[in-house]
Amino acid sequence: MFRQRLMRYTVYRNMFLSFVLLTAVIIALVTVVLYALFSWSTAKEVGKISESMLKQNSVVASVIKSQVYNFGNLLLNDKTVVAALFDREGDLLKQYHASRVLRTMQTTYPFIETIGIYNGLTETYLDTKGVTLEQEGPLLQQINDKNRSYFQLFPRKLINPADGKYDNVLTFVLLPSYYSLLPAQGAMVINMDSDYIQKLIGGYKNDVSDSLFVINSQGIVLTHSDQSLFLENKSSEPYVQEILNSPDSSGYFTGQIDGRKHMITYVKSAELDWVFVSQSEYNNLLFNMNVLRQASLGLALAIFVISLLLSIWLTNNAYNPIRVLLEKISSVQRQKQNHRRINEFDLLNTTYSEMSEKLSSMVTVMSQTQEAEVLGLLKSGEAGVFERFALSCQGPYYTVIVLLIDGLDEFRAKVDTQTRAFAREAILRTAAELFDGEGARAAGIEEGLIALILPGLTESGPQASAELHGMLKELQETLYHSLHLSITAGIGTTENTHEGIRRSFEHAQTCVQQRFFSGKGRIFDCDPALKVPPEDRELAYPDKREKMIIDAIRLQQRSRINREIDLWIKEIHTGDYHEALFYMNQFVGSLYKQLHVSQTRNQEITNVFLGFTRRMTSFETLQEFQEELKELACKLSSDIEETGNERHTEVVEFIKQYVGKHYARSDLSLELVAGEVKLSRSYVGKLFKAHCELSFNDYLNVVRLERAKELLLNTDAPVQVISEQVGIFNTTYFYTLFKKNFQQSPAQFRSQMLLEERKA
């Protein structure tokens, strides 16, 4: 049975393989993790053991240092050796006896390779193996240059006179500074056998370590199991650098040596500048690694076999619902007879598609019928339509909801007709599904406008209204996340008659127009029981604000233009939708007329006005109109700035000439000259001040005072007469104005000018 299902059914086979693959991956992962954890913990324990054993090896440094001290003291206490060091005559007998004593001592200490004493008084050098003064010359010279401490360590190669080969030795030197009886140029040279020290250290070497050696603080090898590495400088090796730079006296870590992973353990001697280092290849740390691998593999295989059986059981149980479903489809038997293999999903998909097509056609016909019924109920006056609707839809109260797509023009520009039709159907379906429990019916009234009739058992109240607002909010969020569409909703009144439903529809349409003032994506409720009655008001067209906007445009004051437009919008914001549209059209027409825009003068600006007027009805919010109006005003201001500078100069020059001719008129004023140039008083005043940096009245006073100065100098007329001749009939005001501008009275000015003429 299992083999038959596995070979025939695709889904069954995929389920089984998925279970097997999943268990295999889990087993492999668990096995690898456990193996890695065991390897890591084992390596850690081995590292600690290796570090502990290496600390025992470091005892060698203390032993060697102690023996060197003891041997040095023994030499210094021997009279024969001291006599040879103090011999000033070069007595061969003393040298002979000293040589015998040194050889005897060497025999007692097996780690000593050779012993030499140097007498600087007679330039003689005695050595137990016949090393000559010439051979030890560089060492003795180094001793004379560094005569500072008790003893010094020199790892070096020393030639053996017996066979001519080099021996690896560690040389300790006793200097005169240690013992005051020694001659100033005397020294005792003790050469230790490096191989002997390696054997001593090797006695503590464990079976895991591949190599065990000693380096000094400069990274020079002092002793090594491989004699060829003696005196080799390993300071450039990364693991040696890590050891020398470490502040710890001991430790272990892993590193790469010759491309292979190693466990490196080190201990720094407290007695000497020696560092004991142990290297162990990582794979050799675990003695039973192969056994561990085989055991892990066997355990994993056993678990896999168990999981394989478990996968068969799980597949059979998980597949049972699909098998039962397939058996209910009559075509399965034919599939079994005609095909060796069956894809259950393809079979179910084909059957589901056939059923979905049939069901979809039925739903489409039903939805079209219901939509036609809603349209007839909202637009026709036939009572029979309402009776049929009431029979199929629970009541007895009904509320009409209007859904308005925000940004419809932008939506039209982005997508084609087919996509827009799909979005309309999606909104209808989403709304119908969301309000399905309420028995709602939906219909598309026109593009971008959808209506819902929501039945209810009682009249609307605060609680029912809150629930309805919550459902509409959910509808808005669903449409925004699924279709990226924002909608505004308007809720009509609750009615129980045919005419009432149509009235509720009209109220909902009026209500949704509040989007123009409050913004998009909101929910507006027109229920009289919930709506607060508006205060009594009389909205008048803000013509004063209009004049201020036009003046700001003419004067190219951009910031003022924006500020005045904001205030104009604020004043019409309290009206209803149709009042706002009326005032908007009135304002644009007045703007066109006041700024004298004509096709003969500026066709481009005329086209801008025409385009703006065509877009007036497409503005969905007052804010959109506000932004577009600011752009239009800025374009008009720029056009005036480009074409009006010459005209402004002509107007100002005309006013100056007019003032120069008629300054004596007592009725000369800003209103008078504004009438002469056929412009408003405020505009002429601002234009004149912008060009002359003086107000009109200040300029008129300057002209009159300059003429008065001429009359004071050239005539003997009284000041009162001169004041009237220049157009100032108030003599007191003339005196005040004259003194303010020239810091002296008219009489003082005349007297001073006459005095200056007489002196000249």
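These numbers come from a predicted model, not from an experiment. Atoms considered below: every heavy atom in the structure, side chains included; atoms not considered: hydrogens, waters and symmetry mates.
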Might you point out which heavy atoms bring [X] and [Y] nearest each other, and give the distance in Å?
X: A717; Y: I722; answer: O-CD1, 3.5 Å
X: I549; Y: E564; answer: CG1-CB, 3.5 Å
X: G521; Y: S486; answer: CA-OG, 3.7 Å
X: Y663; Y: Q725; answer: CE1-O, 4.2 Å
X: S669; Y: F696; answer: C-CE2, 3.4 Å
X: E546; Y: W568; answer: N-CD1, 4.2 Å

- Message: Between L581 and M584, does the side-chain contact (heavy atoms from CB on, under 4.5 Å) criterion hold? Intermediate values first, please.
- Response: CA-CA 5 Å; L581 287 181; M584 287 160 54; 4.2 Å; yes
- Task: Indicate, with yes or no, if the rings of F612 and F625 have centres closer together than 6.0 Å.
- Result: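 They qualify: ring centres under 6.0 Å apart.
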- Item | Aromatic ring proximity, centroids under 6.0 angstrom, F738 and F742 | yes
- Side chains of T478 and T430, donor plus acceptor under 3.5 Å: no
- Message: I'd like to know if the side chain of T621 pairs up with that of Q623 as donor and acceptor (distance under 3.5 Å, no hydrogens or angles considered).
- Response: no
Keeping the roles fixed (side chain from [X], backbone from [Y]), state whether a donor-acceptor pair exists under 3.5 Å.
X: S504; Y: E495; result: no
X: T715; Y: L711; result: yes
X: R522; Y: S518; result: yes
X: S618; Y: R615; result: yes
X: E620; Y: L408; result: yes
X: D698; Y: L694; result: no
X: R681; Y: L670; result: no
X: E477; Y: E474; result: no
X: R704; Y: V726; result: yes
X: H573; Y: I569; result: no

Any side-chain heavy-atom pair from [X] and [Y] closer than 4.5 angstrom?
X: S666; Y: E724; answer: no
X: L622; Y: I572; answer: yes
X: V512; Y: L403; answer: no
X: S637; Y: R558; answer: yes
X: V719; Y: Y735; answer: yes
X: T488; Y: I405; answer: no
X: I491; Y: F524; answer: no
X: F609; Y: V588; answer: yes

- Message: Just to verify, which of Q586, E579, H578 counts as forming a side chain to side chain contact (heavy atoms under 4.5 Å, CB included) with F582?
- Response: Q586
Charged N-O contact under 4.0 Å between [X] and [Y]:
X: E499; Y: R503; answer: no
X: D551; Y: R560; answer: no
X: K520; Y: E624; answer: yes
X: D409; Y: R412; answer: yes

- Just jot down the salt bridge (charged side-chain N to carboxylate O under 4.0 Å, His left out) partners of E631, sequence neighbours excluded, or say none.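 In terms of salt bridge (charged side-chain N to carboxylate O under 4.0 Å, His left out), with neighbours along the sequence ignored, E631 is linked to no residue.
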Drop me the distance from [X]'s [atom1] to [Y]'s [atom2], to the nearest 0.5 angstrom.
X: T419; Y: L483; atom1: OG1; atom2: CG; result: 11.0 Å
X: E710; Y: L705; atom1: CD; atom2: CG; result: 11.5 Å
X: K686; Y: S695; atom1: NZ; atom2: OG; result: 14.0 Å
X: R750; Y: N714; atom1: CZ; atom2: CG; result: 10.0 Å
X: I487; Y: L479; atom1: CD1; atom2: CG; result: 5.0 Å

- In terms of the angle between their ring planes, are H484 and Y480 parallel, tilted or perpendicular, with boundaries placed at 30° and 60°?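 Answer is perpendicular, since the angle exceeds 60°.
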- Working for salt bridge (charged side-chain N to carboxylate O under 4.0 Å, His left out), residues D406 and R515: CA-CA 9 Å; D406 298 326; R515 177 183 70 171; 2.8 Å; yes
- Steps toward side-chain contact (heavy atoms from CB on, under 4.5 Å) verdict (L700, L668): CA-CA 9 Å; L700 177 59; L668 184 59; 3.4 Å; yes
